[in-house]
Amino acid sequence: MTDPQTVLSVQDLSVSFDTPQGLVNVLERVNLEIREGEVLGLLGESGAGKSVLADAIMGLIPEPPGKVTGRVLYSGTDLRSLPESELAKIRGKEIAMIFQDPTSALNPVFRVGHQVAEPLEIHAGLKRRPAMLRVIDFFRRVGIPSPETRVANYPHQFSGGMRQRVVISMGITCHPKLLIADEPTCSLDVTIQAQILELIRNLVDELRSAVLFIFNDLAVISHMCQRVLIMYAGQIVEEGPVDDVFEHPRHPYTQGLIRSVPRLGARRLEPIPGHLPSVHEYLQGCRFHPRCPLPDKDAHCAQVSPALEPVRAGQRVACWKMGPDDVDAQR
Ligand SMILES: Nc1ncnc2c1ncn2[C@@H]1O[C@H](COP(=O)(O)OP(=O)(O)OP(=O)(O)O)[C@@H](O)[C@H]1O
Ligand code: SF4
Ligand SMILES: [Mg+2]
């Protein structure tokens, strides 16, 4: 068997925004790779920059006020170098995104069935009726009742949770090679969430799609993903195989995240002290410095940003105090 191909390679991707309060560096030098048949998780607190990363990969950051630098290689082609017309073709056919905010993904003046079927007609070459039948099938699979009649409704006729299911159908009906799922089930109840996660898994198993899976629940990430990236204040602070990162977290932030997960039977939660800084408060050195509990953090941490360095096979950490040799001493 040949090695799985790299579908997406993001290299040194940074995003800043010009705001009335000045320039803010929301995302800093993000690197990641996703291979075919792989689900890569992205985890981080609200405001960490996960959706900005997803939008930047899709070429959806408006410039200005945004400024994007770095490379987004899809099957070897830098999407950032393509004209919008070429990018739009690839986006509809091979790369799909399930948006976190379903309202912004749907056009209020078109019927939802038409909006989900259109890419199938344009990119998959399906005629109108087979395309609509496929949409009805997907609406049923994501738990939309009476899909035959619901395809004729407009977005405002759906509740928030139902709109999210429409957007999920839109993301997966065209069988993308790369799917970016930005908190795809955040407003759905757990039973329908499980069905939708299963649909995404099938996409990966049957079509060997590559998925960037953004989610704020460690248990779901652990169930869905082979590898995970931990993002703090616009930087990746740890990455590696899910089991390694969750069982042996090396970055103090990842350790805090895992300790703060509510557990059955536990009487007290252990939240990470402090709060994620706003983008206007980002520091020049390690952005986690003000919250870091390590006793030996020092002035160097506050001045120079640490790069991701390997600590064990496949696992990398951005922390000056977590080299491969002294990892065990810190635990
Ligand atoms: N156009 C913009 N101008 C200025 N700041 C922005 C802009 N878009 C996003 N940001 C800021 O970038 C930061 C990251 O936002 P983002 O939506 O990516 O967070 P997130 O990790 O997806 O959070 P959540 O889990 O709540 O979805 C936020 O502080 C946000 O305010
Ligand atoms: S680099 Fe320093 S401040 Fe940042 S997490 Fe590591 S020890 Fe803490
Ligand atoms: Mg988000």
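Whatever order the structure lists ligands and atoms in, that order sets their numbers, starting from 1. Note that the structure is a prediction, hence the values are computed from the model and not measured.
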Nearest-neighbour protein heavy atom for atom 7 (S) of ligand 2, which is reported as residue plus atom name and distance: K321 CG, 3.3 Å
Atom 27 (O) of ligand 1 - nearest protein heavy atom and its distance: Q100 NE2, 2.8 Å
Heavy atom of the protein closest to atom 12 (O) of ligand 1 (residue, atom name, distance): V26 CG1, 3.2 Å
Plane angle bin for Y154 and H156 - parallel if under 30°, tilted between 30 and 60°, otherwise perpendicular: parallel
For atom 25 (O) of ligand 1, the protein heavy atom that lies nearest, with its residue and separation: K50 NZ, 2.8 Å
Expected output: side-chain R91 to main-chain M58 donor-acceptor under 3.5 Å: yes
Subset of ligand 1 atoms that lie under 4.0 Å from at least one heavy atom of T19: 4 (C)
Distance from atom 8 (Fe) of ligand 2 to nearest protein heavy atom, with residue and atom: C292 SG, 2.3 Å
Presence of N, O or S from C319 under 2.8 Å of atom 6 (Fe) of ligand 2: yes
Atom 17 (O) of ligand 1 [closest protein heavy-atom partner, distance rounded to 0.1 Å]: S51 CB, 3.7 Å
Protein contact to atom 4 (Fe) of ligand 2 [nearest heavy atom, distance to 0.1 Å]: C286 SG, 2.4 Å
Nearest-option assignment for atom 2 (Fe) of ligand 2, heavy atoms, candidates C301, P290, A318: C301
Side chain proximity check, D12 to N31, heavy atoms < 4.5 angstrom: yes
Geometric class of the F288/Y232 ring pair [parallel <30°, tilted 30-60°, perpendicular >60°]: perpendicular
Residue part near ligand 1, for M231, under 4.0 Å between non-hydrogen atoms: neither
Contact atoms of ligand 2, heavy-atom distance to P252 under 4.0 Å: 5 (S)
N/O/S from Q100 sitting under 2.8 Å away from the Mg ion (ligand 3): yes
I168 reachable from I221 in the ILVMFWY side-chain graph, under 4.5 Å edges: yes
Numbered atoms and elements of ligand 2 in range of L294, under 4.0 angstrom, heavy atoms: 7 (S)
Qualifying residue for side chain to side chain contact (heavy atoms under 4.5 Å, CB included) with F213, from L42, V204, L40, V220: V220
Residue, atom name and distance, where the atom is the protein heavy atom closest to atom 24 (P) of ligand 1: S46 OG, 3.6 Å
For V279, atoms of ligand 1 separated by under 4.0 Å from a heavy atom: 12 (O), 13 (C), 29 (O)
Nearest non-hydrogen protein atom, atom 14 (C) of ligand 1: G47 O, 3.3 Å
Ligand 1 versus L53: contacting region, heavy-atom distance under 4.0 Å: neither
CZ/R29: more than 12 non-hydrogen atoms of other groups inside 6.0 Å: no
Nearest candidate to atom 6 (C) of ligand 1, where distance is taken over non-hydrogen atoms, out of Y282, F17, F215: F17
Hphob cluster co-occupancy, L8 + L73, side-chain heavy atoms under 4.5 angstrom: no
Part of V52 with heavy atoms under 4.0 Å of ligand 1, whether side chain, backbone, both or neither: both
V26/F17 under side chain to side chain contact (heavy atoms under 4.5 Å, CB included): CA gap, chis, key distance, verdict: CA-CA 7 Å; V26 170; F17 290 103; 3.5 Å; yes
Non-hydrogen atom of R287 closer than 4.0 Å to ligand 2: no
Exceeds 12 heavy-atom contacts within 6.0 angstrom, atom CZ of R128: no
Part of I214 within contact of ligand 1 (heavy atoms, under 4.0 Å): neither
Numbered atoms and elements of ligand 2 in range of H251, under 4.0 angstrom, heavy atoms: 5 (S)
Nearest-contact summary for atom 1 (S) of ligand 2 - protein heavy atom, Å: W320 N, 3.3 Å
